[in-house]
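To start, the structure itself, in structure tokens.
Being a predicted model, the structure only gives us computed values, none of them experimental. Throughout, protein chains are lettered first and strands after them, A, B, ... in sequence-line order, and every chain is numbered starting at 1.
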Number of protein chains: 2
Amino acid sequence: MFSNSSKYAIKAVLFLAVNSSEDHRIMVKDMAEPINVPQAYLAKLLQELSRKGIISSKKGPKGGFFLSKENSQLTLMDVVNVIDADDKFNACLLSLEKCNADKPCPLHDLAIPSRSKLIHSLNQNSIKDFSMQIEQGKVFLPL
Amino acid sequence: MFSNSSKYAIKAVLFLAVNSSEDHRIMVKDMAEPINVPQAYLAKLLQELSRKGIISSKKGPKGGFFLSKENSQLTLMDVVNVIDADDKFNACLLSLEKCNADKPCPLHDLAIPSRSKLIHSLNQNSIKDFSMQIEQGKVFLPL
DNA sequence: TCCTAAATATGATTTTTATCATGTTTTAAA
DNA sequence: TTTAAAACATGATAAAAATCATATTTAGGA
Ligand code: FES
Ligand code: FES
């Protein structure tokens with residue numbers, strides 16, 4: 001479903017959403033272990049997310065990564081789109097050219113309705129929404 | 001969702017379901033192009049499927065691959081399980097140890113219900129069921 | 001029996017993804 | 001103004017997935 005990189009990015013962003021703020025930045029070395037991602041790889045991912053404006057960062061001593069108000073209004077779809085191919089969610093499950101409801105492949109009707117729901121959720125809920133759910137103990141972000 | 005190999009395997013099996021029979025076997029070179037899979041790679045996949053008893057084959061002149069009655073009673077889940085890792089459908093979307101409804105990750109409730117439905121469909125419908133849908137023109141198997 | 005056409009077995013190569021490593025730039029604080 | 005701590009940029013390596021290649025075995029037909 002998601003690439004490893006996407007999973008890492010999602011975990012990292014949600015971790016920042018819960019644990020960081022404009023004036024409490026988090027260093028890559030302090031989040032690698034909690035979210036269980038190889039530190040050097042995480043560093044690369046965070047830098048890319050930062051470059052693309054998904055997360056924010058500050059260099060130098062007392063620097064680190066954090067989510068601005070604007071960042072936390074983005075969606076997890078925004079996050080995933082930075083990492084994975086654009087058509088990830090539009091492709092036919094069997095890679096039959098384009099996924100097309102008028103000429104559905106044998107898996108289309110089984111899978112697409114649910115996939116659409118997931119896409120919708122990823123597009124609707126902001127990062128903030130997710131972090132609130134975590135803070136309310138409704139969902140969890142362990143390893 | 002599915003690996004490339006799984007997609008290829010599904011396409012190949014469904015192609016055989018529709019086009020082959022015990023006494024009308026199909027050679028790998030005759031199905032590679034129709035289902036749009038590199039011939040040598042397809043050969044390897046078909047051999048593995050055959051070894052695992054998902055499809056049938058006959059060597060030598062007039063040989064080829066086909067689906068026996070028993071083969072076509074298998075499910076697409078059986079096909080996928082030959083290729084992909086066993087826990088493919090049980091893993092947490094964010095790879096948080098085990099997917100666990102009691103301690104759901106932020107994506108669990110968004111994605112798992114639909115995934116369960118898909119799994120159920122893959123387990124319930126036989127290959128034969130799918131080939132009938134294709135023959136009835138309800139779904140399609142182009143490229 | 002011999003030839004040939006097919007699957008089978010096995011391994012090599014390529015491509016993609018994931019991971020690691022290291023030098024450069026920025027910035028807070030002494 | 002010097003130092004050090006952090007992100008940033010870039011490239012190298014490793015692992016996995018996909019693809020290609022080729023020698024071996026089986027079996028039908030001349
Ligand atoms: S046509 Fe294959 S998933 Fe839509
Ligand atoms: S806990 Fe993550 S998908 Fe179930």
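Residues meeting the side chain to side chain donor-acceptor pair (under 3.5 Å) test with B:S131, sequence neighbours left out: none. Taking B:K7 as the reference, A:S95 meet the side chain to side chain donor-acceptor pair (under 3.5 Å) condition, with sequence neighbours excluded. Shown here are the side chain to side chain donor-acceptor pair (under 3.5 Å) partners of B:S20, two or more places apart in sequence or in another chain: there are none. Qualifying side chain to side chain donor-acceptor pair (under 3.5 Å) partners for A:K138, counting only residues two or more places apart in sequence or in other chains: A:Q136. Under the side chain to side chain contact (heavy atoms under 4.5 Å, CB included) criterion, B:R115 pairs with B:L93, B:C99, B:I112, B:I119, sequence neighbours left out.
Considering CD1 of A:I54 and OG of A:S72, their distance stands at 12.0 Å, rounded to 0.5 Å.
Applying the salt bridge (Lys or Arg N to Asp or Glu O under 4.0 Å) test to residues at least two apart or on different chains, none of the pairs has a partner in residues 62-76 of chain B. Here salt bridge (Lys or Arg N to Asp or Glu O under 4.0 Å) pairs that include residues 45-56 of chain B, with residues two or more places apart or in two chains, are B:E48-B:K52. For residues 12-47 of chain A, every residue pair satisfying the ring-ring contact (aromatic ring centres under 6.0 Å, His included) rule, not counting sequence neighbours, is listed here: A:Y8-A:Y41.
A sub-4.0 Å separation between OP1 or OP2 of D:dA7 and a side-chain N or O of A:S50 is absent.
Along DNA chain C, the nucleotide nearest A:S5 and the nucleotide nearest A:R25 are compared for position; the residue whose nucleotide lies closer to the 5' end is A:S5.
As rounded to whole Å, 18 Å separates atom P of D:dA16 from atom CG of B:N4. In this structure, B:D84 atom CG and D:dA16 atom P are separated by 15 Å, rounded to whole Å.
Less than 4.0 Å separates DNA chain D from at least one heavy atom of each of the following residues of residues 51-74 of chain B: B:K58, B:K59, B:G60, B:P61. Residues of residues 37-48 of chain A having a heavy atom closer than 4.0 Å to DNA chain D, listed by number: A:K44, A:Q47.
Of all nucleotides in DNA chain C, those with any atom nearer than 4.0 Å to a heavy atom of chain B start and finish, going 5' to 3', at C:dT4 to C:dA12.
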Distance-only donor-acceptor pairs under 3.5 Å for side chains of residues 78-85 of chain B, two or more places apart:
residue: B:D78; atom: OD2; partner: B:T75; partner atom: N; Å: 2.9
residue: B:D78; atom: OD2; partner: B:T75; partner atom: OG1; Å: 3.2
residue: B:N81; atom: ND2; partner: B:M77; partner atom: O; Å: 3.4
residue: B:D84; atom: OD1; partner: B:S3; partner atom: OG; Å: 2.7
residue: B:D84; atom: OD1; partner: B:S6; partner atom: OG; Å: 3.0
residue: B:D84; atom: OD2; partner: B:S3; partner atom: OG; Å: 3.4
residue: B:D84; atom: OD2; partner: B:S6; partner atom: OG; Å: 2.7
residue: B:D84; atom: OD2; partner: B:K88; partner atom: NZ; Å: 3.0

